[in-house]
Amino acid sequence: MSSEVTVTQSPTTTTTTTGPWHAIFPDPVSAPQAITPEGLAALLRHNAVTLGKDFLVIDARRVDFEVACIRGAINLPAHSFYQTLPSIVATLSHVPKVIFHCNSCKPGGRGPRTAGWYADELKRQGKGDQADNVFVLEGGMKAWVSVYGDDDALTTKLPQLAPS
């Protein structure tokens with residue numbers, strides 16, 4: 001998706017560029033490994049691990065975060081993720097496994113991009129061993145909903161506004 005992106009470089013300098021939303025940020029170096037929807041479902045159902053303590057699910061969607069979400073996922077939209085990386089790592093790095101997703105998790109998409117940025121920042125901060133435990137949900141939310149969309153224990157359906 002191309003759009004006009006405005007970047008404030010200093011209080012007196014602003015640059016406008018046309019391109020995808022992520023064009024103003026560096027490409028991630030890291031390419032985290034995939035986890036299948038079945039693998040994530042097994043984690044969510046496993047009694048010996050705790051969501052929020054042993055693992056986290058990060059939903060990188062923004063305006064398309066509207067129909068359903070993985071139960072317990074945190075919404076950190078990709079569009080504002082890079083700018084807040086140091087704070088995100090300080091907040092989340094105590095959790096040993098972090099799983100990212102967007103709508104489809106295609107290469108270069110929001111889920112893989114935010115997962116890569118997160119892993120890169122962990123490495124930059126000297127936490128490279130943790131970067132090995134950053135994952136991307138294979139097929140994203142589309143794959144998740146196709147398998148677990150009707151499973152209320154794993155998926156939260158978001159209320160829909162009636163057309164006006």
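Throughout, numbering of the chain's residues begins at 1 and tracks the sequence. The structure presented is a predicted model; accordingly, all values stated were derived computationally and were not measured.
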Q. Pick from Ile70, Thr36, Ile58, Asp59: which one makes a side-chain contact (heavy atoms from CB on, under 4.5 Å) with Leu137?
A. Ile70

(Q) Please check this pair: side chain of Arg71 against backbone of Thr156, looking for a donor-acceptor N/O pair closer than 3.5 Å. (A) no

Is [Y] reachable from [X] through a run of hydrophobic residues whose side-chain heavy atoms are each under 4.5 Å from the next?
| X | Y | answer |
| --- | --- | --- |
| Val95 | Ile99 | no |
| Leu154 | Phe100 | no |
| Leu92 | Leu122 | yes |
| Val134 | Leu76 | yes |
| Leu56 | Leu44 | no |

Taking all heavy atoms of [X] and all of [Y], pick out the closest pair and write down the distance.
| X | Y | value |
| --- | --- | --- |
| Ala34 | Glu138 | CB-OE1, 4.0 Å |
| Glu121 | Arg124 | OE2-NH2, 2.7 Å |
| Ser93 | Ala90 | OG-O, 4.2 Å |
| Ala68 | Val145 | CB-CG2, 4.3 Å |
| Gly111 | Val136 | O-CG2, 4.2 Å |
| Val29 | Asp120 | N-OD2, 2.7 Å |

With rounding to the nearest 0.5 Å, note down the distance linking [atom1] in [X] to [atom2] in [Y].
| X | Y | atom1 | atom2 | value |
| --- | --- | --- | --- | --- |
| Thr155 | Trp144 | OG1 | CH2 | 5.5 Å |
| His101 | Phe135 | NE2 | CZ | 15.5 Å |
| Arg61 | Ser104 | CZ | OG | 10.5 Å |
| Arg62 | Asn103 | CZ | CG | 13.5 Å |
| Lys123 | Gln130 | NZ | CD | 12.5 Å |
| Met141 | Cys69 | CE | SG | 6.5 Å |

(Q) Using the side-chain contact (heavy atoms from CB on, under 4.5 Å) criterion, which residues pair with Asp132? Sequence neighbours excluded. (A) none

**Q.** Test item: Leu43 and Ile35 side chains (from C-beta on) under 4.5 Å apart, heavy atoms
**A.** yes

Q | Side-chain heavy-atom pair His79, Arg110 within 4.5 angstrom cut-off | A | yes

Q) Any ion pair linking Lys157 and Asp150 (charged N to carboxylate O, less than 4.0 Å)? A) yes

Q: Sequence neighbours left out, what pairs pass salt bridge (Lys or Arg N to Asp or Glu O under 4.0 Å) with at least one residue falling in residues 87-106?
A: none

Q: Would you mind listing every ring-ring contact (aromatic ring centres under 6.0 Å, His included) that reaches into residues 23-49, with sequence neighbours excluded?
A: Phe25-Tyr82, Phe25-Trp117

